[in-house]
Amino acid sequence: MEKEKEKYSEELNVAVRVVHMACGLCQKVQKGLLGNALDDDEVKSKDDDSLVTIADWSVQATVSWILSNTFGSENVSIVAEEDVQTLSKPESAGLLGKVVSTANECLAQASRYGLKGPDKTLGPSEILEAISRCNSNGGPLGRHWVLDPVDGTLGFVRGGQYAVALALIDNAEVVVGVLGCPNYHMKRDRHNKQQQNHISSEVSVPSPDMLEEGCVMYSKKGTGEAWVQPTVYGDSKYEWPNFAKQVRVSPIDDPALATFCEPVERANSNHSFAAGLASSVGLRNKPLRVYSMVKYAAIAQGDAEIFMKFARAGYKEKIWDHAAGVLIVQEAGGVVTDAGGRSLDFSKGIYLESLDRGIVACSGTKLHEKLIGAVYASWESSSL
């Protein structure tokens with residue numbers, strides 16, 4: 001029993017520490033972006049018109065290097081969002097140089113977080129290798145780390161919410177989940193719903209004080225617990241598990257009092273169907289539109305009760321956009337399924353291939369059952 005209790009403890013420990021490192025990196029890059037006009041060498045558009053920044057590549061290089069160095073590269077399979085195609089082009093030498101510099105600066109701080117960094121500065125080829133090592137497609141067997149280096153890049157470049165998401169999947173089950181939310185505060189008073197305003201997705205530039213009040217949330221499967229820590233800033237040293245406190249979902253089960261989150265972007269989410277569904281079950285509060293997996297963190301620590309996402313036809317959900325958040329909400333006492341009421345299936349590779357219509361995450365079973373029932377009642381008349 002004791003051995004089972006300790007299972008994945010080392011992986012969780014390392015994952016929390018490296019996500020803290022990544023949050024520090026992102027904070028520094030975001031402050032630079034907010035203080036200057038956006039540079040073509042710092043923000044790029046991908047083929048799907050989504051954005052990628054030097055933070056995305058630098059975080060992926062950092063996390064990849066730490067995981068491979070800690071557990072052995074031959075033992076580590078990493079599924080991650082970014083590749084090196086853009087960075088490898090001759091015209092991207094300036095961009096690559098910034099990524100190399102940013103990643104090395106972060107890795108040099110590893111000892112502050114209780115991790116071992118490189119003995120010497122990594123060169124461009126080594127940084128590219130670390131990024132490209134994250135080329136696993138996952139699947140039903142074995143262990144796979146799943147990383148979204150900067151989830152919600154649009155929020156990141158606009159000074160809004162974003163997350164660093166890292167999960168470990170073992171034989172298709174998410175067993176470790178860590179969410180770094182550098183602009184999302186720990187909840188100081190769990191019973192004060194007025195604290196909701198700190199997850200505003202407004203695109204105004206945050207104040208320096210706000211930028212230094214983030215958190216890292218984490219959980220391990222089967223514990224029935226989720227925890228949150230403040231992010232580490234300045235010259236302070238990370239100490240496990242100082243300042244950690246347990247989070248729990250909201251007890252609210254009356255739809256009239258519940259707050260629901262949905263994605264900001266309309267391109268891959270049907271806001272009108274979600275609005276109709278909200279009305280049909282009696283949700284009265286205005287939806288909270290938030291970039292990134294911060295939506296899952298909001299439910300886990302009781303700032304919101306519901307997250308709904310119904311993708312438009314042709315859009316396929318990726319596992320790195322959900323794995324860490326799903327586990328944290330579940331272990332904090334919440335429920336996450338597809339819109340048909342089935343558990344999300346992480347065994348099909350990089351996509352949630354068998355997803356039924358959409359994703360519904362709730363703080364409890366009562367709200368969840370009402371929403372799933374409403375989905376079935378509303379679906380035939382929808383335009384999805």
Side-chain angles (χ1 to χ4, degrees), residues 11-33 42 51-71 76 78-82 98-118 122 127 130-131 133-134 145-153 155-157 160-168 176-184 211-218 227-234 236-238 240 291-294 296-297 320-321 323-325 328:
E11 289 84 354
L12 177 64
N13 190 335
V14 172
V16 170
R17 291 171 189 269
V18 77
V19 168
H20 269 287
M21 284 179 64
C23 286
L25 182 160
C26 288
Q27 283 288 80
K28 184 166 185 179
V29 173
Q30 189 184 53
K31 285 182 180 180
L33 289 175
E42 295 183 357
L51 299 178
V52 60
T53 72
I54 61 170
D56 294 80
W57 284 303
S58 301
V59 167
Q60 188 159 313
T62 297
V63 174
S64 172
W65 194 94
I66 291 291
L67 292 179
S68 297
N69 185 67
T70 303
F71 299 109
V76 172
I78 306 174
V79 183
E81 182 167 15
E82 309 306 338
K98 290 181 179 181
V99 171
V100 171
S101 174
T102 303
N104 273 305
E105 190 174 326
C106 183
L107 286 165
Q109 300 293 315
S111 61
R112 284 181 53 210
Y113 299 88
L115 297 169
K116 185 181 186 307
L122 301 182
I127 293 295
I131 296 170
R133 198 179 295 139
C134 305
W145 290 95
V146 179
L147 170 68
D148 194 336
V150 180
D151 181 44
T153 305
F156 177 76
V157 300
Q161 295 293 347
Y162 65 97
V164 177
L166 181 62
L168 177 62
V176 167
V178 185
L179 277 180
C181 308
N183 288 346
Y184 179 42
L211 281 173
E212 297 194 353
E213 292 190 32
C215 70
V216 173
M217 202 171 288
Y218 57 93
W227 297 84
V228 65
Q229 300 172 342
T231 42
V232 179
Y233 293 102
S236 55
K237 185 177 180 181
Y238 175 78
W240 175 282
Y291 293 108
S292 82
M293 267 187 276
V294 166
Y296 283 115
W320 53 68
D321 287 325
I328 290 169

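Across every non-hydrogen atom of Arg133 and Ser68, the tightest pair is NH1-OG, 3.1 Å. Scanning all heavy atoms of the two residues, the minimum distance from Ala15 to Trp145 falls at CB-CZ3, 3.9 Å. Across every non-hydrogen atom of Trp65 and Pro118, the tightest pair is CH2-N, 3.3 Å. The two residues Val59 and Ala22 have their closest heavy-atom pair at CG1-CB, 3.8 Å. Taking both residues in full, the closest heavy atoms of Cys181 and Val294 are given as SG-CG2, 4.0 Å, listed atom of the first, atom of the second, then distance. The two residues Ser64 and Ala130 come nearest to each other via the heavy atoms OG-O, 2.6 Å.
The side-chain contact (heavy atoms from CB on, under 4.5 Å) test with Leu25 is passed by exactly one of Thr102, Ile54, Leu107, Val63: Thr102.
Residues Met21 and Arg112 have side chains not in contact (no heavy-atom distance under 4.5 Å, counting atoms from C-beta outward). Residues Val16 and Gln229 have side chains in contact (heavy-atom distance under 4.5 Å, counting atoms from C-beta outward). The shortest distance between side-chain heavy atoms of Met217 and Trp227 does not fall below 4.5 Å. Counting heavy atoms from C-beta on, the side chains of Val228 and Val216 never come closer than 4.5 Å.
Checking side-chain atoms of Glu11 against main-chain N and O of Leu168 turns up no donor-acceptor pair under 3.5 Å. Asn104 places a side-chain N or O within 3.5 Å of a backbone atom of Val100 that can act as its donor or acceptor partner. Put simply, the side chain of Glu81 never gets that close to the backbone of Leu147: no donor and acceptor are under 3.5 Å apart.
Rounding to the nearest 0.5 Å gives a distance of 7.0 Å between SG of Cys106 and OH of Tyr113. Taking NZ of Lys28 as the reference point, atom SG of Cys26 lies at 13.0 Å (rounded to 0.5 Å). Between atom CZ of residue Phe156 and atom OG1 of residue Thr53 there is a gap of 4.5 Å, rounded to the nearest 0.5 Å. The CE atom of Met293 sits 5.5 Å away from the CG atom of Leu179 when rounded to the nearest 0.5 Å.
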